[in-house]
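Okay, so here's the structure we're looking at.
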Number of protein chains: 4
Amino acid sequence: MAEQLRVGMVGYAFMGAAHSQAWRTVNHAFDLPLWARMRVVCGRSPDGVAAAAARLGWESHTTDWRSVIERDDVDLVDICTPGDTHAEIALAALAAGKHVLCEKPLANSVAEAREMAAAATAAQARGVRTMCGFNYRRVPAVALMRRMVEAGRIGEIRHVRAVYLQDWIVDPEFPLVWRLRKEVAGSGALGDIGAHIIDLTQFVTGRSIRSVTAATETFVKSRPLPTASSGLSASGSAERGEVTVDDAALFLARLDGGAIATYEATRFATGRKNGLRVELNGSLGSLVFDFERMNELGFYDATLPAADQGFSRILVTEPEHPYMAAWWPPGHLIGYEHSFTHEMRDLIEAIGVGKDPAPSFTDALQVQLVLDAVARSAATARWTEVESI
Amino acid sequence: MAEQLRVGMVGYAFMGAAHSQAWRTVNHAFDLPLWARMRVVCGRSPDGVAAAAARLGWESHTTDWRSVIERDDVDLVDICTPGDTHAEIALAALAAGKHVLCEKPLANSVAEAREMAAAATAAQARGVRTMCGFNYRRVPAVALMRRMVEAGRIGEIRHVRAVYLQDWIVDPEFPLVWRLRKEVAGSGALGDIGAHIIDLTQFVTGRSIRSVTAATETFVKSRPLPTASSGLSASGSAERGEVTVDDAALFLARLDGGAIATYEATRFATGRKNGLRVELNGSLGSLVFDFERMNELGFYDATLPAADQGFSRILVTEPEHPYMAAWWPPGHLIGYEHSFTHEMRDLIEAIGVGKDPAPSFTDALQVQLVLDAVARSAATARWTEVESI
Amino acid sequence: MAEQLRVGMVGYAFMGAAHSQAWRTVNHAFDLPLWARMRVVCGRSPDGVAAAAARLGWESHTTDWRSVIERDDVDLVDICTPGDTHAEIALAALAAGKHVLCEKPLANSVAEAREMAAAATAAQARGVRTMCGFNYRRVPAVALMRRMVEAGRIGEIRHVRAVYLQDWIVDPEFPLVWRLRKEVAGSGALGDIGAHIIDLTQFVTGRSIRSVTAATETFVKSRPLPTASSGLSASGSAERGEVTVDDAALFLARLDGGAIATYEATRFATGRKNGLRVELNGSLGSLVFDFERMNELGFYDATLPAADQGFSRILVTEPEHPYMAAWWPPGHLIGYEHSFTHEMRDLIEAIGVGKDPAPSFTDALQVQLVLDAVARSAATARWTEVESI
Amino acid sequence: MAEQLRVGMVGYAFMGAAHSQAWRTVNHAFDLPLWARMRVVCGRSPDGVAAAAARLGWESHTTDWRSVIERDDVDLVDICTPGDTHAEIALAALAAGKHVLCEKPLANSVAEAREMAAAATAAQARGVRTMCGFNYRRVPAVALMRRMVEAGRIGEIRHVRAVYLQDWIVDPEFPLVWRLRKEVAGSGALGDIGAHIIDLTQFVTGRSIRSVTAATETFVKSRPLPTASSGLSASGSAERGEVTVDDAALFLARLDGGAIATYEATRFATGRKNGLRVELNGSLGSLVFDFERMNELGFYDATLPAADQGFSRILVTEPEHPYMAAWWPPGHLIGYEHSFTHEMRDLIEAIGVGKDPAPSFTDALQVQLVLDAVARSAATARWTEVESI
């Protein structure tokens with residue numbers, strides 16, 4: 001029997017459910033040096049967390065996150081709570097010598113993120129591993145995109161075009177859930193989904209954003225206070241409160257290496273449900289990804305004879321593609337949740353062989369610095385440099 | 001704690017792995033009257049089945065399928081073996097009072113299928129439930145297609161256009177795996193994937209195929225004998241054997257209600273990996289499904305003003321769509337394996353509330369009768385009636 | 001100044017308008033050995049033909065097609081009338097030593113088509129050229145498809161999948177226009193649009209259909225008599241008449257060389273406006289064309305590394321693509337009418353250099369023989385051989 | 001016989017050829033109050049312009065544009081030259097009382113554009129008409145987009161997402177054609193293709209850009225001097241010259257009415273040939289256009305029941321769609337050149353009935369002011385207001 005990796009998870013809403021599905025599945029899909037065991041789940045509501053433990057498959061449950069960290073039979077703390085609690089939980093877990101997986105964005109401020117990255121680096125020396133959960137890196141088509149860029153298939157990158165389009169709050173009567181409150185979420189579309197395309201594009205290009213010019217907008221200024229909330233859906237009361245985060249964030253960027261880029265994150269793109277799209281144009285070709293067709297990668301190979309050139313739709317379901325040998329025959333698609341299963345696979349693998357998984361807390365801090373530059377640029381109406389790590 | 005439904009599964013290759021993923025997941029995704037428990041898995045190779053039990057999450061394992069049926073702690077037998085063994089196992093299981101889930105095609109001959117359907121009907125009186133595993137019915141977009149046809153959204157159906165296109169044996173050196181041997185598989189593309197589009201189109205239209213005219217073809221007549229095989233992939237030896245099944249089967253059909261149809265099942269459609277596509281044209285609109293984009297349904301509403309009409313791409317990920325309230329927010333896709341999780345959901349639900357699940361063995365017999373008519377038509381070069389049940 | 005090719009056109013409805021646009025344009029788009037001159041247009045209605053001459057740009061007009069043929073200043077007769085008049089006009093024109101371009105289908109019966117082909121062959125010895133107007137061959141993407149098949153890019157062809165889907169008579173109150181009357185049109189969807197996919201697939205594959213099994217259907221048995229008609233649109237009276245042609249024609253086919261094929265031509269595919277689609281699957285790759293995206297060709301190259309394979313969307317607008325050097329920069333699309341301009345280009349070029357254009361009347365006779373075999377198969381419910389030329 | 005509109009065209013390269021095709025066709029496609037007559041074409045090369053006259057169908061030719069303006073038998077001057085000559089020719093033509101159609105961008109500077117707009121306004125009082133040739137407004141799908149926005153189909157517009165992507169100068173050895181020289185072209189991608197998406201988005205939304213923040217980039221700093229050039233293709237010599245325009249221009253914008261927008265114009269988007277794409281997201285729906293599929297319009301109607309919503313692909317080929325009643329049956333596509341034929345149609349119609357066509361020189365001046373704001377923002381790295389007209 002494989003050695004175990006005993007997990008304690010904090011938070012059991014949308015992200016908690018997705019992580020649970022991954023923890024339940026990862027042992028059965030991949031051959032790994034450690035066997036993940038779902039030891040304990042933690043949440044604020046005693047009833048809620050008990051039901052969640054049963055539903056999601058956790059062995060035990062608690063309402064006290066500190067107790068999770070204190071348990072000897074927990075090796076890794078998986079943080080799935082809103083951003084305002086990431087730093088406190090992660091720092092405590094690292095101090096207790098636990099490995100930490102923290103959902104993105106790493107924190108609600110650069111200061112917190114810096115502290116977390118420093119703690120992670122310190123813990124690393126003691127063999128403690130940390131990872132920030134940018135799950136989209138683990139979509140096979142995205143991992144293939146990375147592999148193809150690295151192999152030089154599109155040459156020198158000139159353009160990055162990234163959008164993350166959702167529409168779940170277009171209705172002005174959609175209530176003021178926690179994701180719309182700055183004190184909990186840190187920011188709106190920017191940190192929630194903008195962070196994903198920042199990380200994803202830096203990951204696939206291997207380049208960092210150096211400077212930005214930005215606009216943010218809150219189209220709907222006040223909303224009904226929520227009466228109940230679950231994941232991204234909710235119902236509202238008669239009383240209204242102020243929306244304190246951005247509904248949309250747009251920015252232009254310059255990356256090192258000379259590429260220029262457009263980014264847009266919005267929750268007001270009517271009809272776009274989870275429209276994370278990235279296009280890279282290079283001197284030898286282009287690559288295109290759209291999460292709403294997440295099993296496909298578009299590739300334009302400009303080194304082919306002119307009459308043969310065209311965007312090809314690679315169905316990323318072959319055993320030769322990243323992660324896919326573990327799944328079904330070609331053409332049998334995988335889904336959103338698989339990105340988390342792959343994330344857990346990579347994390348377990350890294351811990352098992354004693355390497356640092358990626359993205360590290362420092363990588364996540366860099367994303368935070370970009371978010372911060374965007375916010376500063378939106379406030380000053382000027383091109384703004386991204387701070388150094 | 002919910003009452004249990006204790007499952008014994010026979011066969012652990014491609015279908016066994018897909019079923020296992022579904023059995024592992026179904027309790028965590030849906031609220032059900034019974035809690036599925038993965039009691040025992042059975043296979044012919046002692047080492048293979050032991051490894052499969054560990055990998056796929058079964059509590060125990062055996063090489064004797066009769067022992068599975070004899071166990072008191074097994075309520076349902078899940079048959080994932082090749083078609084030549086379905087009848088014997090299913091009949092024994094029904095005789096032992098077990099519920100039975102049997103993979104498609106139900107059997108390798110009409111005679112077997114008739115016997116199985118009769119046994120299922122007899123067992124039904126004793127509260128024993130049977131179901132044939134046409135999983136594609138449970139793809140949300142397909143279930144939505146069914147719902148829209150039933151609601152009259154496309155009016156009277158005139159055309160059915162169904163293909164199931166794969167390409168995994170285009171290479172003439174791909175070995176002679178069991179799916180290419182008539183004595184094991186019954187037929188080739190016809191029974192393997194043709195059966196799916198027969199069932200699916202009859203399901204979504206609510207109409208039965210009445211007569212057919214057909215062609216079948218074996219493009220590659222001999223292949224290397226296999227040295228090892230797993231799922232759809234394999235390696236071959238220097239010795240060759242005769243391919244005894246069809247590589248491709250095509251037929252035209254007339255359905256009751258007056259629609260005319262084209263069907264094509266092939267393993268030689270280069271570049272089409274799992275290209276199950278169905279289009280229905282009705283007097284008021286059309287519906288289109290392509291499994292390679294399984295989270296989408298195409299809908300043309302001819303009742304809209306002329307200038308507004310167009311095929312719409314419905315992203316079938318809303319809570320209002322079949323099965324989807326259990327999963328992720330809109331736009332967060334699901335995959336192939338979810339069709340099995342939904343299949344298990346419907347099966348458990350039916351058993352739990354004491355109803356017969358669909359498709360029944362009799363429904364599956366009717367598909368077998370169509371397969372038989374296709375084979376007879378191909379042999380006689382004439383339009384051929386489908387036998388009555 | 002270039003020598004002239006003086007054209008007399010018979011018929012000025014839909015096809016006449018399309019041909020006129022091509023005759024007006026071809027001199028300006030291509031460098032040709034002859035300068036096309038639009039000498040005379042002929043039609044049955046004196047007012048109609050006068051208006052058409054002015055509108056479409058013809059120098060003169062007449063209601064007597066024999067006078068067109070008798071004119072010394074006409075070199076080529078372009079026949080754009082319904083099929084029941086093709087034979088008489090073409091035979092007379094050939095007898096008078098005129099080159100003939102005849103719209104498809106060549107005739108309404110095999111007997112007529114045989115006579116026309118024989119006359120064309122005889123005329124050929126006197127330097128008289130004939131061509132049948134299968135314009136879709138001249139869509140650049142189709143011509144490219146042909147070129148790629150010929151170059152062996154998809155290897156040995158196994159599957160042909162062809163549909164031509166329209167929906168203009170789904171409404172049972174659409175009137176009984178000439179295209180729905182057997183005595184004028186010869187057949188319905190079969191000869192009108194089925195003929196196109198027969199010719200196109202035989203052209204691109206370089207293979208002939210050898211045998212067929214078919215079904216034809218007339219969904220709407222009677223329709224209002226038309227009060228006025230123009231092109232494909234019309235209005236109806238209170239009185240009804242019988243529809244004497246097929247609404248839809250479907251057939252399976254075997255081609256020489258071993259490929260098997262499905263064909264479907266229908267006017268009842270709701271939402272499909274001009275859905276001419278062809279897919280070829282070969283041992284080394286596949287090609288896909290859809291007229292509703294006529295500037296694109298899909299190509300799957302199975303000789304690429306497995307991880308790179310995918311259907312590529314070739315935008316057929318490069319100067320390296322057939323016919324396209326004459327038009328706009330890459331990505332600047334062309335339309336339906338350009339297929340006729342290219343047809344006229346090829347015809348003028350052939351006449352100018354003294355070669356026989358393709359498709360010849362004999363090629364068109366072969367299509368007629370396939371249509372005839374389809375009709376006979378539909379009547380006898382048996383696989384049916386295509387007669388030899 | 002209709003009264004004539006006698007045209008003199010200056011310039012006969014890419015735009016001249018496109019305009020000529022439109023002038024040759026417009027009388028035959030539309031019923032118009034005036035019959036366009038192609039009187040004279042003007043160009044700098046005596047041989048070139050003579051050949052062009054013959055090829056493009058002009059009655060006469062000259063190398064002196066002033067002579068065109070002086071001719072009594074010219075009613076309208078059509079300016080198809082590079083931007084550095086627009087002002088001089090247009091001002092002279094207006095002074096001579098000729099109607100003027102001027103290609104976009106109106107001028108190479110705001111000062112010139114202001115002078116032209118003032119002259120046009122003055123001429124208007126004398127019944128002289130002016131129009132700037134933003135042909136994409138006349139693509140039927142774009143005109144339909146406009147109509148749907150105006151009808152309130154997508155509600156209040158929140159997001160505009162516009163790109164114009166080309167790739168014809170990705171190769172650093174592509175020569176330094178006039179479009180890459182600031183003194184002739186004014187700017188690079190910005191004025192050439194950026195101007196199109198500025199006009200198009202302002203047209204379809206009915207809103208103006210108020211402020212911008214921008215980046216421009218020249219990826220390839222020097223190129224071979226051209227030895228010969230035609231349209232967008234050319235060959236180069238060994239000697240190199242400096243590229244003095246932008247290869248790419250990106251900007252964010254705020255529109256009046258509250259929408260925020262991203263714009264990108266580039267000639268370095270490998271694989272994108274004429275990728276003019278616009279998406280509008282409104283409170284009630286969305287609209288999407290992609291020129292590479294110019295016969296289609298995407299429409300998302302958020303007022304439908306949730307389970308029915310999806311982006312529909314409207315094939316804009318119905319007689320109910322703008323301009324399309326003049327052309328072929330539904331599903332029979334039109335091409336790039338038709339946008340010019342429609343432009344001429346609208347222009348002739350306006351002149352014939354004595355109204356001012358759109359877009360006026362003043363509309364075009366406003367586009368120039370946006371281009372200018374983009375250039376200033378790129379230079380200052382700040383959000384920049386668009387000057388008032």
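Naming convention: chains lettered A, B, ... in sequence-line order (proteins, then strands); numbering from 1 in each chain.
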Interatomic distance, D:Leu165 atom CG to A:His159 atom NE2 [nearest 0.5 angstrom]: 7.5 Å

Rounded distance [0.5 Å steps], CG in D:Asn281 versus CG in A:Asp167: 8.5 Å

Residues in residues 194-207 of chain A that sit under 4.5 Å from chain D, counting heavy atoms only: none

For chain A, which residues of residues 139-155 of chain D have heavy atoms nearer than 4.5 angstrom: none

Shortest non-hydrogen contact from A:Arg254 toward D:Thr216: NH2-O, 3.1 Å

Distance in Å, A:Glu279 CD paired with D:Glu264 CD, rounded so as to fall on 0.5 Å steps: 8.5 Å

Pairs of heavy atoms under 4.5 Å with chain D: top-ranked of A:Leu284, A:Thr262, A:Asp171, A:Leu250: A:Leu250

Six-ring centre of D:Tyr300, A:Arg272 cation under 6.0 angstrom, axis tolerance 45°: no

Partner chain D: residue of A:Gln309, A:Glu156, A:Arg161 with the largest heavy-atom pair count (under 4.5 Å): A:Arg161

Row check, D:Phe268 ring normal vs A:Arg158 NZ/CZ: under 6.0 Å, within 45°: no

N/O donor-acceptor pair under 3.5 Å between A:Thr270 side chain and D:Ser286 backbone: no

Flag, side chain of D:Trp383 to backbone of A:Thr213, donor-acceptor distance under 3.5 Å: no

When A:Gly282, A:Ala269, A:Gly258 are compared by non-hydrogen pairs under 4.5 Å with chain D, the top option: A:Ala269

Full working for side-chain contact (heavy atoms from CB on, under 4.5 Å) between D:Ile260 and A:Phe219: CA-CA 10 Å; D:Ile260 50 177; A:Phe219 296 108; 3.9 Å; yes

Between A:Ala261, A:Ala214, A:Pro172, A:Gly310, the one whose heavy-atom pairs under 4.5 Å with chain D are most numerous: A:Ala214

